[in-house]
Amino acid sequence: MKPFHLPLLLLALGGATVASAQPDARFDVQLFRPSAAPQDLVVVTQSRPLSHMSVAFGPYFSYSLNPLTLVPEGGDLEKISLVGNRLQLDVMAMVGLFDWGEIGVDLPLILAQGGQNLEVIGTEGSVESFVLGDLRLSGKVAIPGLRRPAEGKGWGAALTLNVSFPTGAQDAFAGDGELTWAPGLVLDYRFGNGILLAFNGGFWKRPDRVFDGVALGDMAPFGLGTEVPILRGSGITALAMVNGAVGLKKAPGTERQIPAELLIGLRWYSSTGVTFTFGGGAGCGCSLASPTLSFFTSIIWIPAKTREWEALERFKEPPEPAPPPPPPVDPDGDSVIGVGDKCPEVPGPVENAGCPDTDRDGDGTVDRLDRCPDQPAGSRGRDGCPLARRDGNKIVILEQVNFATDQDVILSESFPILEEVARVMNENPEMDRVLVEGHTDARASDAYNLELSRRRASSVMRFLIQSGVAAERVCSQGFGRSRPLSDNATEEGMALNRRVEFTIQPPSDGPRPPCPEDPSDKKGKRPSRTKAPGPKASPAPKP
């Protein structure tokens, strides 16, 4: 891109002013200064040096359009391209030392260049072609603690130094005419997926010049670049970089010189050790030496299968997936693995954490499923619990005793439960007396419920006596609705409140006290063992 209103020499048209002008001191206009390292980002260096005794060499071809153009003040006159185009060859070589550093050489040769007549700067004819540029030596040393290995990821840093010798044709804008040198710093980061970000900065010691009223001299070079794998298995990556320098000196009333350009490109790391790179870009138009357009291509070769070659091959290959973790050890073969197996040497079901099932009461229901692990269920039990069992001062039953609606007739489905209650009493003679309690819900009046509960409790007592329980060991009492277990406002609550309980009375040292209710008038009557007609009372949930 063209420079913007830089202070330039006024063209004296039709007079002798041009003829008498003195030639300005010229300088090297070449902004493109590549690196020979195969993984450097063309003009932006990355921190990792070549592996020890790895050699890389090859040509860089670059073409720039309008690298030096004068724009007359006021913009009324036509621009003058002192160097309208330039085709340059950089013959480069580099060698790594001790895995910590590298040194390289760059011999630039301007193969062809052309431009308009140089009479505006005091010389007849166009710029000379096919000339040498300034020979450049480069070096790089990794910073201890920040030396990233060839195939590694993470941060890296290095110090660089470039020294240019005055071998170039200064009159052809191919050299500075003096020794120049440029120390610098490289800081970069390589991601695990292969993406590289690199930053360069430093100082460039150049001779002081005044060209066309513009002060030139020391500069602060900078560069920012990235490399992104595109087809990693094929070794193809994309490059992008910004490269330039900030002029540290400027003449009063003039703009600061900041030659810079943006470049993009593609690179192929071949399996033969040859790296092909090509691309192009544009200058920023903010300096005498910013080209309008530029193009480049290179062929860098590593001639032997050194560690550097191996590193490039590893870079091409996608990272291998992490190996799967070893299968967990299952010594007892019960499919319960690792810390989840509480008995790793003895097989057991998954539901019991890999330990064998146990059955403390021997009723055939394993303890983890047995609701009564210390009491055998017997032939009529369920879930490891007998239909009736002692629990403190109670004989607990699994199901409620059911009666015909509004009657004291025991339904036949409750006979097995009462027979189990009788068995518990007969097997535990220390139970002096058991009180059969009758309870109802809150429907109907207090008197009705009290009478119904008394009759039902008495019916259960007679059933126990007829099942072999001594009459003096059992009493009955009705409580009606005075002792609810749950809220009578719901069907579920009323079902819980309609119940028969068996309370073990404390032992008596003397004669047994009389029962709280005398059912003598009903003794001798055997409860019906057939299902009474009519709807069945709703059973309460299992305890």
Side-chain angles (χ1 to χ4, degrees), residues 33-60 90 92-97 99-104 106 138-143 146-160 184 186-200 223-241 243 263-279 296-319:
R33 296 170 182 263
S35 169
Q39 283 190 273
D40 281 350
L41 309 182
V42 186
V43 291
V44 177
T45 305
Q46 53 99 23
S47 68
R48 182 187 55 77
L50 292 176
S51 302
H52 181 57
M53 299 310 296
S54 286
V55 177
F57 64 87
Y60 254 100
D90 287 83
M92 312 184 71
M94 186 167 287
V95 61
L97 299 174
D99 294 327
W100 278 93
E102 65 187 21
I103 55 174
D106 173 14
S138 62
K140 178 168 45 180
V141 177
I143 296 177
L146 289 172
R147 182 173 67 96
R148 192 181 66 247
E151 67 279 6
K153 61 180 181 179
W155 289 101
L159 299 175
T160 61
V186 177
L187 182 65
D188 61 13
Y189 187 85
R190 173 81 72 180
F191 295 88
N193 57 7
I195 295 177
L196 175 68
L197 295 177
F199 169 77
N200 294 180
L224 180 64
T226 183
E227 180 178 32
V228 179
I230 299 178
L231 299 174
R232 186 162 183 174
S234 302
I236 298 177
T237 65
L239 307 174
M241 66 220 79
N243 174 62
L263 302 173
I264 58 174
L266 289 175
R267 173 172 286 173
W268 175 36
Y269 296 100
S270 76
S271 58
T272 61
V274 179
T275 299
F276 299 91
T277 307
F278 68 92
F296 61 89
T297 186
S298 70
I299 303 174
I300 301 297
W301 182 36
I302 303 173
K305 290 201 172 185
T306 59
R307 290 177 57 190
E308 186 68 17
W309 189 329
E310 295 172 358
L312 293 177
E313 287 298 297
R314 283 193 294 270
F315 173 77
K316 286 174 52 179
E317 298 172 0

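Computation of the quantities below employed the complete heavy-atom set of this structure, encompassing side-chain atoms and omitting hydrogens, waters and symmetry-equivalent molecules.
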Shortest non-hydrogen pair, Ala142 vs Arg147, comes out as CB-CG, 3.7 Å

What is the minimum heavy-atom distance between Ala56 and Leu50, and which atoms define it? CB-CD1, 4.5 Å

Within a strict 4.5 Å, meaning less than it, do heavy atoms of the Val95 and Ile103 side chains meet? yes

Assess whether side-chain hydrogen bond (donor to acceptor under 3.5 Å, both in side chains) is satisfied between Arg267 and Thr277, documenting all intermediate values. CA-CA 4 Å; Arg267 173 172 286 173; Thr277 307; 2.9 Å; yes

Trp268 and Phe276 aromatic ring geometry - parallel, tilted or perpendicular at 30°/60° bounds: parallel

Correct closest heavy-atom pair for Val186 and Gln46 would be CG1-C, 3.7 Å

Between Leu187 and Trp155, is any pair of side-chain heavy atoms under 4.5 Å apart? yes

Roughly how far, to the nearest 0.5 Å, is the CH2 atom of Trp100 from the CD1 atom of Ile143? 10.0 Å

Who pairs with Ser35 by side chain to side chain contact (heavy atoms under 4.5 Å, CB included), at least two apart in sequence or on another chain? Ala37, Asp40, Met94

Is Ile264 atom CD1 crowded by more than 12 heavy atoms from other residues, nucleotides or ligands, each under 6.0 Å away? no

Using 0.5 Å steps for rounding, measure from the CZ atom of Phe278 to the CG atom of Leu239. 10.0 Å

Tell me, please, which residues at least two apart from Asp188 pass side-chain hydrogen bond (donor to acceptor under 3.5 Å, both in side chains). Ser47, Arg148

Output, in order, the C-alpha distance, side-chain angles, deciding distance and verdict of side chain to side chain contact (heavy atoms under 4.5 Å, CB included) for Met241 and Val42. CA-CA 8 Å; Met241 66 220 79; Val42 186; 3.7 Å; yes

Val43 vs Phe296, side chain to side chain contact (heavy atoms under 4.5 Å, CB included): CA-CA, chis, key distance, verdict: CA-CA 11 Å; Val43 291; Phe296 61 89; over 6 Å; no

Would you say that Arg48 contacts Lys140 through its side chain, given a criterion of any heavy-atom pair below 4.5 Å between the two side chains? no

Centre-to-centre under 6.0 Å for Phe191 and Tyr189, is that the case here? yes

Picking from Asn193, Ile195, Ile236, what satisfies side-chain contact (heavy atoms from CB on, under 4.5 Å) with Pro229? Ile195

